[in-house]
Amino acid sequence: MFKRLLVTGGAGFMGSAFVRFALERAEKIVTLDLLTYAGNLRHLPDDPRHIFIHGDILNGALVEEIVRTHAIDAIVHFAAESHVDRSIEDPRLFYRTNVDGTISLLEVVRRFPWIHFHQISTDEVYGSIHTGAFTEESPYRPNSPYAASKAAADHFVMAYAKTYGLSTTISHSSNNYGPRQFPEKFIPRMIANCLTKAPLPLYGTGENVREWLFVEDHAEAVWLILQEGRRGERYNIGGGLEKRNIDLLHLLIQQLAAVQGVDSSHYTQRIAFVADRPGHDFRYALDCSKIERELGWHPRHAFEAGLDKTISWYVEVS
């Protein structure tokens with residue numbers, strides 16, 4: 001069982017959720033984070049068994065010092081540029097962080113081959129699917145610079161495992177949501193815009209479909225894969241709940257209006273359809289039978305309950 005973890009990007013939304021979850025079970029966690037715009041130290045636990053280090057995953061000497069000093073036995077790699085719109089504006093930044101950054105970490109693991117490496121990936125590497133669901137055997141067909149950078153990183157992980165005999169696992173998750181998410185992603189952005197009386201922009205006609213996963217369920221799945229997953233394997237982690245963006249927005253508005261004690265029309269009148277983004281994937285869906293069968297994982301949070309918890313957090317901090 002891995003007990004001394006290095007978590008990259010642990011001050012981000014998904015990374016900090018994993019740190020909070022894993023710290024209840026691990027001996028020590030070191031978080032390495034560059035603290036770019038989406039990192040937030042307030043999301044990390046105040047615990048003597050947790051150590052925060054401000055730094056870049058591309059700094060191999062720093063990563064090597066961390067794994068030596070703290071006797072790290074597993075690296076959980078969350079650090080990434082992850083917003084598709086930003087990747088369209090600056091693909092090279094995504095290559096630097098997501099591809100070069102992953103290679104830099106793998107090079108350290110080559111020098112410490114007893115360290116296990118877990119790669120946090122995304123359903124977007126598979127591309128878009130109109131019917132059915134992606135399995136772990138589905139081919140990679142990325143359609144955005146973000147998805148391409150994550151696909152490349154995944155392939156380097158698999159290649160290092162094969163070529164150098166490293167111990168690795170990879171997980172692909174559907175869209176995460178929950179408290180503390182930076183408001184560039186769909187759910188927190190729409191909540192924030194409702195609360196500030198800003199427009200609610202929807203790409204195209206709002207017909208695009210996404211599968212949603214509560215962030216704490218994702219954290220639990222990653223922990224299970226880390227501890228019990230088969231080495232060299234990939235696992236899909238999906239919430240099992242699909243929504244068109246337009247339907248999700250109306251549901252979010254209904255729940256927020258109930259919390260605020262206002263009529264939902266107070267928010268629906270600000271919905272604005274905008275030009276679709278380039279290469280916009282129509283639908284993502286994951287077949288999660290592998291992680292369910294092998295590790296007994298199932299999401300614990302019903303979507304509407306998780307959404308209510310998310311809305312309540314943003315209302316409280318607004």
Side-chain angles (χ1 to χ4, degrees), residues 14 82-85 87-88 119-155 158 169-178 185-187 189-190 200-215 217-218 221-222 225 229 233-254 271 273-307:
M14 293 193 301
S82 65
H83 190 43
V84 174
D85 288 357
S87 80
I88 294 170
Q119 163 82 346
I120 303 296
S121 188
T122 171
D123 55 1
E124 296 190 41
V125 299
Y126 297 124
S128 184
I129 189 169
H130 278 260
T131 60
F134 294 116
T135 72
E136 289 83 356
E137 304 306 315
S138 296
Y140 279 31
R141 289 176 176 151
N143 291 317
S144 70
Y146 162 62
S149 70
K150 292 299 289 185
D154 291 357
H155 280 100
M158 290 184 278
T169 42
I170 299 174
S171 58
H172 304 274
S173 78
S174 58
N175 281 28
N176 277 219
Y177 73 100
K185 300 297 178 73
F186 186 86
I187 288 177
R189 183 184 184 191
M190 293 303 173
L200 306 177
L202 268 180
Y203 282 129
T205 59
E207 300 291 317
N208 301 74
V209 178
R210 296 295 180 263
E211 181 180 358
W212 294 94
L213 173 69
F214 194 66
V215 68
D217 291 331
H218 181 223
V222 171
I225 294 168
E233 292 292 321
R234 297 187 288 128
Y235 293 89
N236 288 342
I237 310 171
L241 189 284
E242 295 182 43
K243 287 280 186 186
R244 296 188 309 165
N245 288 341
I246 184 66
D247 295 333
L248 172 57
L249 180 54
H250 280 291
L251 176 61
L252 186 156
I253 284 172
Q254 290 170 11
I271 296 175
F273 294 97
V274 299
D276 210 351
R277 73 182 178 207
H280 196 180
D281 289 332
F282 175 72
R283 173 178 174 262
Y284 307 131
L286 292 175
D287 179 337
C288 299
S289 57
K290 182 176 180 178
I291 191 172
E292 293 169 356
R293 180 179 66 253
E294 294 188 10
L295 305 181
W297 177 86
H298 298 273
R300 298 180 185 274
H301 292 80
F303 181 72
E304 292 194 13
L307 188 59

Minimum side-chain heavy-atom gap Ser171-Ile120 below 4.5 Å: yes
Non-hydrogen atoms of Lys185 and Ser82 that approach each other most closely: NZ-OG, 3.3 Å
Given Leu249, Leu252, Asn175, the one that forms side-chain contact (heavy atoms from CB on, under 4.5 Å) with Phe186: Leu249
Donor-acceptor pair, side chain of Glu242 and main chain of Glu211, under 3.5 angstrom: no
Sequence-distant partners of Tyr126, ring pair (Phe, Tyr, Trp, His ring centres under 6.0 Å), two or more places apart: Phe134, Tyr140, His172
Gap separating the CH2 atom of Trp212 from the CG atom of Leu307, nearest 0.5 angstrom: 9.5 Å
Shortest non-hydrogen contact from Ile129 toward Ala285: CG2-N, 4.0 Å
Side chain Asp217, main chain Arg300, donor-acceptor under 3.5 Å: yes
Sidechain-backbone polar pair: Asn236 side chain, Asp287 backbone, donor-acceptor under 3.5 Å: yes
Nearest heavy-atom neighbours spanning Phe303 and Leu248: CZ-CD1, 3.4 Å
Nearest non-hydrogen partners of Val125 and Ala151, listed with the distance: CG1-N, 3.6 Å
Side-chain heavy atoms of Gln119 within contact of Arg234, under 4.5 Å: no
Heavy-atom donor-acceptor pair, Trp297 side chain to Val222 backbone, under 3.5 Å: no
Approximate separation, where rounding is to 0.5 Å, of Asp276 CG and Thr205 OG1: 8.0 Å
Test ring pair (Phe, Tyr, Trp, His ring centres under 6.0 Å) applied to His83 - qualifying residues, sequence neighbours left out: none
Pairwise distance NE2(His301) to CG(Leu241) - rounded to 0.5 angstrom: 13.5 Å
Within 6.0 angstrom of Arg277 CZ, more than 12 heavy atoms from elsewhere: yes
Atom pair OG/NE2 of Ser121 and His155 - distance to nearest 0.5 Å: 10.0 Å
Whether Phe214 and Tyr177 hold their rings parallel, tilted or perpendicular, with breakpoints at 30° and 60°: perpendicular
Closest contact, heavy atoms only, Pro299 versus Gly238: CG-O, 4.2 Å
Glu233 side chain reached by Glu136 side chain, heavy atoms, under 4.5 Å: no
4.5 Å side-chain heavy-atom contact, Met158 and Ile170: yes
Ser173 side chain to Thr122 backbone, donor-acceptor under 3.5 Å: no
Partner of Asn208 under side-chain contact (heavy atoms from CB on, under 4.5 Å), chosen from Asn245, Ile246, Asp281: Asn245
Validation row: Leu213, Leu286 side chains within 4.5 angstrom (heavy atoms): no
Approximate separation, where rounding is to 0.5 Å, of Ser174 OG and Asn176 CG: 6.5 Å
Crowding at CZ, Arg141 (>12 non-hydrogen neighbours, <6.0 Å): no
Note, His218 side chain near Met14 side chain (heavy atom, < 4.5 Å): yes
Spacing of NE2 belonging to His250 relative to CE belonging to Met190, to within rounding of 0.5 Å: 11.0 Å
Shortest non-hydrogen separation from Ser87 to Tyr146 and the atoms involved: OG-N, 3.1 Å
